Protein chains: 2
Amino acid sequence: MASLHDVARLAGVSKSTVSRVMNDEYGVKEATKVKVRRAVEQCGYVVNQVAKDLKSNKTNLIGIIVPRVTSNAVSQGVDGLSRVFEESGKQVLLANSCQQAGKELQYLELFNQKRVEGIVMFATHIDDELVKAIKRSGAPVVLIGQDGSSHNIPSVIHDDYRVGYCAAEQLHQAGCRNVGFLGVQSDDIAVDQMRFEGFCKALNYLGLPVPAFHTQGQFSIDSGREEMAQLLRDNNKPDGVFCATDRIAIGAIQAIAAAGLAPGKDIKVIGVGNDEMASVVSPGLSTFDYAFEPAGSNAAKMLLEIIEQGRSQVAKLVLGFDWVQRKSC
Amino acid sequence: MASLHDVARLAGVSKSTVSRVMNDEYGVKEATKVKVRRAVEQCGYVVNQVAKDLKSNKTNLIGIIVPRVTSNAVSQGVDGLSRVFEESGKQVLLANSCQQAGKELQYLELFNQKRVEGIVMFATHIDDELVKAIKRSGAPVVLIGQDGSSHNIPSVIHDDYRVGYCAAEQLHQAGCRNVGFLGVQSDDIAVDQMRFEGFCKALNYLGLPVPAFHTQGQFSIDSGREEMAQLLRDNNKPDGVFCATDRIAIGAIQAIAAAGLAPGKDIKVIGVGNDEMASVVSPGLSTFDYAFEPAGSNAAKMLLEIIEQGRSQVAKLVLGFDWVQRKSC
DNA sequence: TTGAAAGCGGTACCAA
DNA sequence: TTGGTACCGCTTTCAA
């Protein structure tokens with residue numbers, strides 16, 4: 001591939017002159033410009049950004065780490081992120097950890113070697129190792145989905161505690177008196193712990209008994225269906241179920257219907273996220289609309305501020321949600 | 001940020017020696033290694049991959065261009081791509097054109113400046129400008145979703161013609177005699193043209209009349225619903241509808257139900273893709289299961305082959321599909 | 001208006 | 001076993 005040097009030789013000028021022409025710098029004779037441009041055309045010269053990056057010590061690169069792309073939260077978040085970054089002329093390096101723990105740490109390291117200017121991480125959990133790796137990172141890190149602000153890591157999260165609280169209120173208002181929670185693995189603070197805590201708090205406040213159950217499944221329809229079916233088999237018959245995600249809730253609805261009961265009548269169901277599927281399932285799933293795309297764009301803005309100003313005004317951004325009432329509750 | 005030079009000074013050795021230690025090269029005294037490692041630790045040295053890339057003239061970078069991430073085809077495809085690339089030690093630069101035509105061309109150029117080793121592009125259409133830009137690209141390009149093989153661009157596509165053909169057969173077999181197609185904009189060869197052509201071909205072969213309609217909407221539930229509602233209002237009452245995508249089909253089902261008709265009985269509906277929503281909607285949507293994730297992983301493998309061998313054995317990979325029968329047809 | 005040369009942070013060859 | 005040096009492709013003084 002042709003370099004500045006090749007172009008210079010072809011045009012019969014020096015590298016410096018070619019560089020000046022390429023960068024539209026002031027002070028090059030028109031005739032020289034023409035010669036250079038012709039030479040560029042002739043050998044199909046494309047500027048080598050790697051060399052420029054090295055020289056300028058600036059890459060315009062942002063690293064993004066995701067557990068997978070096929071999830072509403074992630075894909076909408078990435079759309080939000082990439083829009084903002086590309087508006088500011090940043091390019092995006094994407095790393096997919098495929099949910100393998102430890103991979104994130106490797107990518108953090110790789111990104112630093114590539115001299116990214118900042119990193120956005122969709123976190124599924126936080127542990128000491130991860131916190132240490134983030135502290136060690138030369139490039140600033142912003143977290144999406146889990147709260148790292150107590151470790152002084154800027155984070156964009158959803159109001160998971162309050163969503164749990166509201167879910168309990170909605171179930172109570174719908175007449176439920178015996179409710180439970182279909183959660184996920186307990187090291188997911190945001191999706192399992194916070195939502196459950198808020199849920200329990202509200203129940204307590206409303207004078208309802210503690211949750212009849214708190215299962216720990218996967219993030220899938222199948223998992224929700226199995227968990228719910230198992231509960232019904234165990235004759236643990238609630239009149240309301242709060243599910244950590246919409247997918248789980250849809251599985252629950254299927255299991256309830258399969259057991260000959262009426263979801264939304266015999267057993268109320270509430271999810272979280274407002275996945276497009278929630279509007280399509282029958283009965284329509286009552287859920288909380290989460291701002292996934294804004295989570296991405298806000299995280300991007302925070303990161304840009306940190307990169308440009310050295311620090312961010314906001315240490316933690318908590319996004320609200322909206323109650324979306326349908327037939328399931 | 002510390003460089004080799006800093007480490008060398010701190011350890012009291014030369015840059016060459018530090019480089020040797022960092023790369024585990026043979027022939028460094030143990031004591032020296034220890035000194036160097038301590039110095040590395042002390043100043044938190046992280047290798048500068050930009051400099052390495054420049055020197056070695058190799059970036060291990062792959063560019064990916066998508067119209068958006070929030071789509072089943074894209075998000076699953078990206079998951080497939082990134083898995084394969086990361087197994088081969090490649091990193092992924094992601095560019096989101098946000099469906100703005102022309103953006104793809106810019107990214108093609110940017111990627112070449114960044115010296116990516118190859119590019120995967122999720123194409124929504126193909127025109128001369130795009131073909132020219134791809135030809136001009138120094139890095140090899142593989143297309144996903146549209147057939148560029150007639151321009152000698154390696155492509156991974158789905159069997160869109162045959163899916164249209166099969167859809168007609170299924171509708172015919174279900175007893176339909178007056179059918180139509182809910183498509184998308186006509187410059188989308190794969191999703192609109194090919195599927196429609198196959199559809200027409202089969203109708204002709206089966207001795208059915210030509211399609212009663214061929215609308216051109218968007219890739220969304222809302223669009224499908226509106227198109228279908230309009231058709232019903234126009235008293236254009238078919239007994240079967242083939243939809244270019246599952247989302248459109250779900251919209252159609254909603255419109256049919258809203259008109260007081262029974263989707264799957266009065267009017268059969270078929271989609272394409274096997275979106276998770278298809279299993280959730282009521283009645284269940286009969287559709288064709290498309291291999292989106294394999295599209296990504298196969299495109300990645302093709303690109304790697306081109307990068308490593310200089311050329312690919314396969315010029316075009318056509319992925320099959322499976323009929324998924326549910327209640328809507 | 002143009003060119004020569006140094007330097008960004010590495011690697012690799014040759015000499016010591 | 002180690003150090004000196006040239007070079008990857010570009011930018012940026014400084015001098016001509």
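The chains referred to below are lettered A, B, ... by the order of the sequence lines, with proteins before strands, and numbering in each begins at 1. Everything numeric here is computed off the predicted structure, so don't read it as measured data.
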Colleague: Quick one: does Ser19(B) reach the base of dA12(C) with a side-chain donor-acceptor pair under 3.5 Å?
Modeller: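 Such a pair does not exist between side chain and base.
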Colleague: With nearest nucleotide decided by heavy atoms, which residue, Val28(A) or Gln49(B), maps closer to the 5′ end of DNA chain C?
Modeller: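 Nearest nucleotide further toward 5': that of Val28(A).
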Colleague: Nearest whole Å is fine: how far is dG10(C) P from Arg20(B) CZ?
Modeller: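 One finds 15 Å between P of dG10(C) and CZ of Arg20(B), rounded.
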Colleague: Considering every strand and a 4.0 Å limit on heavy-atom distances, what is the contact class for Lys52(A): base, sugar-phosphate, or nothing?
Modeller: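 Counting heavy atoms under 4.0 Å across all strands, the contact made by Lys52(A) is with sugar-phosphate only.
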Colleague: Do any side-chain nitrogens or oxygens of Tyr45(B) fall under 4.0 Å of OP1 or OP2 in dG10(C)?
Modeller: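 Indeed, a polar side-chain atom of Tyr45(B) lies that close.
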Colleague: Could you give the OH-to-P distance, from Tyr26(B) to dA12(C), as a whole number of Å?
Modeller: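 Rounded to the whole Å, the gap is 18 Å.
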Colleague: Please report, rounded to the nearest Å, how far the P atom of dC13(C) is from the NZ atom of Lys15(B).
Modeller: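 Going from Lys15(B) (NZ) to dC13(C) (P), I get 16 Å.
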Colleague: Side-chain donor or acceptor of Lys55(A) under 3.5 Å from a matching atom on the base of dG7(C)?
Modeller: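 Indeed, a donor on one side and an acceptor on the other fall under 3.5 Å apart.
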Colleague: In whole angstroms, how far is the C1' atom of dG10(C) from the CD atom of Glu25(B)?
Modeller: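 Going from Glu25(B) (CD) to dG10(C) (C1'), I get 12 Å.
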Colleague: Starting at atom CG of Asp53(B), determine the distance to atom P of dC8(C), rounded to an integer number of angstrom.
Modeller: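 Atom CG in Asp53(B) sits about 19 Å away from atom P in dC8(C).
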Colleague: When you list every nucleotide of DNA chain D with an atom under 4.0 Å from a heavy atom of chain B, which one comes first 5' to 3', and which comes last?
Modeller: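 Counting from the 5' end, contacts occupy dT1(D) to dG9(D).
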Colleague: Examine the side chains of Asp53(A) and Thr59(A) and answer whether a donor and an acceptor come within less than 3.5 Å of each other.
Modeller: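 Short answer, no.
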Colleague: Report which part of the nucleic acid Ser16(B) touches: base, sugar-phosphate, or nothing (heavy-atom distance under 4.0 Å, all strands).
Modeller: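 Base contact - Ser16(B) has a heavy atom under 4.0 Å of at least one base atom.
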Colleague: Which part of the nucleic acid, if any, lies within reach of Val13(A) when heavy atoms closer than 4.0 Å are counted: base, sugar-phosphate only, or nothing?
Modeller: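 The answer is sugar-phosphate, as Val13(A) gets under 4.0 Å only of primed atoms, P, OP1 or OP2.
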Colleague: Taking atom types as modelled, find out whether Tyr290(B) and Gln76(B) have a side-chain donor-acceptor pair closer than 3.5 angstrom.
Modeller: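 Not at all, the side chains of Tyr290(B) and Gln76(B) share no donor-acceptor pair under 3.5 Å.
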Colleague: Heavy atoms under 4.0 Å, any strand shown: does Thr32(B) hit a base, just sugar-phosphate, or nothing?
Modeller: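 Answer is sugar-phosphate: Thr32(B) comes under 4.0 Å of backbone atoms only.
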Colleague: Over all strands shown, is Asn57(B) touching base, sugar-phosphate only, or nothing at heavy-atom distances under 4.0 angstrom?
Modeller: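 Nothing, no nucleic acid heavy atom in range.
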Colleague: Quickly work out the Asn48(A) CG to dC8(C) P distance and round it to whole Å.
Modeller: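 To the nearest whole Å, that distance equals 18 Å.
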Colleague: Is it true that the side chains of Gln146(B) and Asp188(B) contain a donor and an acceptor less than 3.5 Å apart?
Modeller: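 Yes, side-chain donor-acceptor contact under 3.5 Å.
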Colleague: Say whether, by atom type as modelled, one donor and one acceptor occur between the side chain of Asp147(B) and the main chain of Ser149(B) under 3.5 angstrom.
Modeller: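 At least one qualifying donor-acceptor pair exists.
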Colleague: Check the distance between dT2(C)'s C1' and Glu30(A)'s CD and give it to me in whole angstrom.
Modeller: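 Rounded to whole Å, this separation is 16 Å.
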Colleague: Roughly how far apart are Ile64(B) CD1 and Leu81(B) CG, rounded to 0.5 Å?
Modeller: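 Interatomic distance, Ile64(B) CD1 to Leu81(B) CG, rounded to 0.5 Å: 4.5 Å.
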Colleague: When rounded to the nearest 0.5 angstrom, what distance separates NZ in Lys103(B) from CG in Leu110(B)?
Modeller: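 Nearest 0.5 Å value for the NZ-CG distance: 9.0 Å.
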Colleague: Provide, to the nearest angstrom, the distance between the CE atom belonging to Met1(B) and the C1' atom belonging to dG9(C).
Modeller: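 Checked: the CE to C1' distance equals 13 Å.
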Colleague: Quick one: do Lys58(A) and Glu117(A) make a salt bridge, cutoff under 4.0 Å?
Modeller: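 Salt bridge present between Lys58(A) and Glu117(A).
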Colleague: When you match Asn23(A) and Ser14(B) each to their closest nucleotide on DNA chain D, which lands nearer the 5' end?
Modeller: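 Checking each residue's closest nucleotide, the 5'-ward one belongs to Ser14(B).
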Colleague: Roughly how far, to the nearest 0.5 Å, is CG of Leu303(A) from CD of Glu308(A)?
Modeller: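 Between Glu308(A) CD and Leu303(A) CG, I get 9.5 Å after rounding to 0.5 Å.
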